[in-house]
2 protein chains.
Amino acid sequence: MTTEQPLYHDMTVKPSGMVDHLSDAQWAKLAPLLVQHKHYAPGNVVSRRGDLLNHSLLLLDGLIARSVPRGQRARSTFVALQFPGEFVDLHAFPLKRLDHDVVSLTDTRVATVSHDTLHELLNGDVELARKLWLMTLVDASIHRHWVMRNSAMRALARVANFLCEFDARMTAAYGVERQSLPFSLRQTDIADATGLTSVHVSRTLRELREHGCCSVTGGKLLIHDRNGLHKVGMFEAAYLYMPEPEAVI
Amino acid sequence: MTTEQPLYHDMTVKPSGMVDHLSDAQWAKLAPLLVQHKHYAPGNVVSRRGDLLNHSLLLLDGLIARSVPRGQRARSTFVALQFPGEFVDLHAFPLKRLDHDVVSLTDTRVATVSHDTLHELLNGDVELARKLWLMTLVDASIHRHWVMRNSAMRALARVANFLCEFDARMTAAYGVERQSLPFSLRQTDIADATGLTSVHVSRTLRELREHGCCSVTGGKLLIHDRNGLHKVGMFEAAYLYMPEPEAVI
DNA sequence: CGGAGCGTTGAGCAACGTCAAAAGACGTGG
DNA sequence: CCACGTCTTTTGACGTTGCTCAACGCTCCG
């Protein structure tokens, strides 16, 4: 992530990614409320399960996991992953209280919006409110896909599908489809997200490498055969509800 | 389900269950829009993945699954289950298109609300809009719990936890906690919801029976030891965001 | 009585987890 | 530059969970 051009330096420019669901005008109304940019180092707990929140975060750069701790010294389970341009905990606006931890996986930058200001803004703009609602519903759709993936797919397909999603959402966040993308997740993170052990993730990645699909090394995900990877992972992107159906090179 | 007193005969009375998040006044505004009550027999596909929807459904009675088909003659995976008093596909209002099928598991009654009328109503009532938003977010929270359950829990705990959720949501829907509740799911349904095979579900239920926790027979779920069941299933109800934290007998 | 659907049981097996050891990657300080 | 410690990845041997296949019983209903 650190080798990448930082995203969202100029908040007046509507970025790509999830917030692309908003029109330019809507972004112009929302952007000024996104204040108090913060930075987190990898492995930081941004907010904890049960906390009462009076603000929400837009992820500007890096990766953040929504994670459910289990037991004392056992690993936790990831129930969601957030990419740049996505709200991390917008659901805390109506819900107030979180049911999971929010943890930074890499160096991250976030912008904060207070629920009070959001409340006022949305009272005066029903359309924008509906857009934010929609964005949380895309999250929910991704949750459902994770249920399906971790319940119904074998390790090989499961990891492949996970990598396809990673690819698709990174592409959305950065606006370019690439053959080599920055990949700052450790294998234990993949394990937490897919419900496997890191040992088995290691073996599965080797298998994908030997299939000629992709390889994960040195913080990079190299996609050798995107079609093949999609096939192995039975990947269909519809559940991501991407804003533009345009083809990117 | 058929042995039960039918719910929601008189729409002017605010029912319990999920819609309990609404105030009396809010229910009074919403109820008149819930028209065209429909009935479905078990196993009916109410709406199909990819469909463009111009209305949403409130489940009045019975059980409905949101299900992702996989392969031709393979079983499908349930990504969610809806109980009486819950909206089945309210997310289709902002999202328009579904990413899964909607299937009736029992005899069901639903009420329909058109997206156009809902649109108008919500334009004039920001608070109500936020409540409906909240209700879809509770769904999302349950999705996350399902991700955790089906990724991180072993069969015994997984099935136990599923039954705990069933108990809790039935209790919310009917307003009474009981030792014996109507249970119209087949073991293959539990399998589809938990990501196990029906064979293994059968064995797991036997184990729960032998533990003295609960037994599933003849369309009834008998809870012999609710505390024990909660313990085996590591169940904590917070993720359900129940409207009232009141204790019910 | 016969069939269909569902639940139960058993035997064998594949997928994945566990434990442990070792090798590689990376930064730090000498 | 090397030595060191820490973190991550890889590999092997072995154990266990849960799946597959197949048979049988049960219940309900025509």
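Proteins come first, then strands; the chains are lettered A, B, ... in the order of their sequence lines, and each starts at number 1. Only this structure's heavy atoms are used, side chains among them; waters, hydrogens and symmetry mates stay out.
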Taking OP1 and OP2 of [N], is either one under 4.0 Å from a side-chain nitrogen or oxygen of [X]?
| X | N | answer |
| --- | --- | --- |
| A/T197 | C/dC16 | no |
| B/R209 | C/dT8 | yes |
| A/Q187 | D/dC7 | no |

Side chains of A/N161 and A/H145 only: does a donor on one sit below 3.5 Å from an acceptor on the other? yes
Would you mind telling me which residue lines up with the more 5' stretch of DNA chain D, A/R206 or B/R158, judged by nearest nucleotide? A/R206
Rounded to whole Å, how long is the line connecting atom [atom1] of [X] with atom [atom2] of [N]?
| X | N | atom1 | atom2 | value |
| --- | --- | --- | --- | --- |
| A/E207 | C/dC16 | CD | C1' | 12 Å |
| B/R154 | C/dC16 | CZ | C1' | 9 Å |
| B/F183 | C/dG7 | CZ | C1' | 14 Å |
| A/L221 | D/dT9 | CG | C1' | 17 Å |
| A/R75 | D/dC7 | CZ | P | 13 Å |
| B/H200 | C/dC6 | NE2 | P | 21 Å |
| B/D192 | C/dC6 | CG | P | 12 Å |
| B/R186 | C/dA4 | CZ | P | 17 Å |

The side chain of [X] lies closest to which of these nucleotides: [options]?
| X | options | value |
| --- | --- | --- |
| A/S202 | D/dT10, C/dG10, D/dG18 | D/dT10 |
| B/R203 | C/dA11, C/dC16, C/dC6 | C/dA11 |
| B/V199 | C/dA20, C/dG10, C/dG7 | C/dG10 |

What contact category does A/L196 fall into here, base, sugar-phosphate, or nothing, at under 4.0 angstrom with non-hydrogen atoms? sugar-phosphate
Would you indicate what B/G195 reaches in the nucleic acid, counting non-hydrogen atoms under 4.0 angstrom: base, sugar-phosphate, or nothing? sugar-phosphate
Let me know which of A/L196, A/D192, A/V216, A/D189 forms a side chain to side chain contact (heavy atoms under 4.5 Å, CB included) with A/V201. A/L196
Check whether any side-chain heavy atom of A/F183 lies under 4.5 Å from a side-chain heavy atom of A/L163, and answer yes or no. yes
Would you list the pairs meeting salt bridge (charged side-chain N to carboxylate O under 4.0 Å, His left out) in which at least one residue belongs to residues 146-175 of chain A, sequence neighbours left out? A/E86-A/R169, A/R149-A/E165, A/E165-A/R169, A/D167-A/R226
Smallest heavy-atom separation, A/H224 atom then A/G212 atom, equals CB-O, 3.4 Å
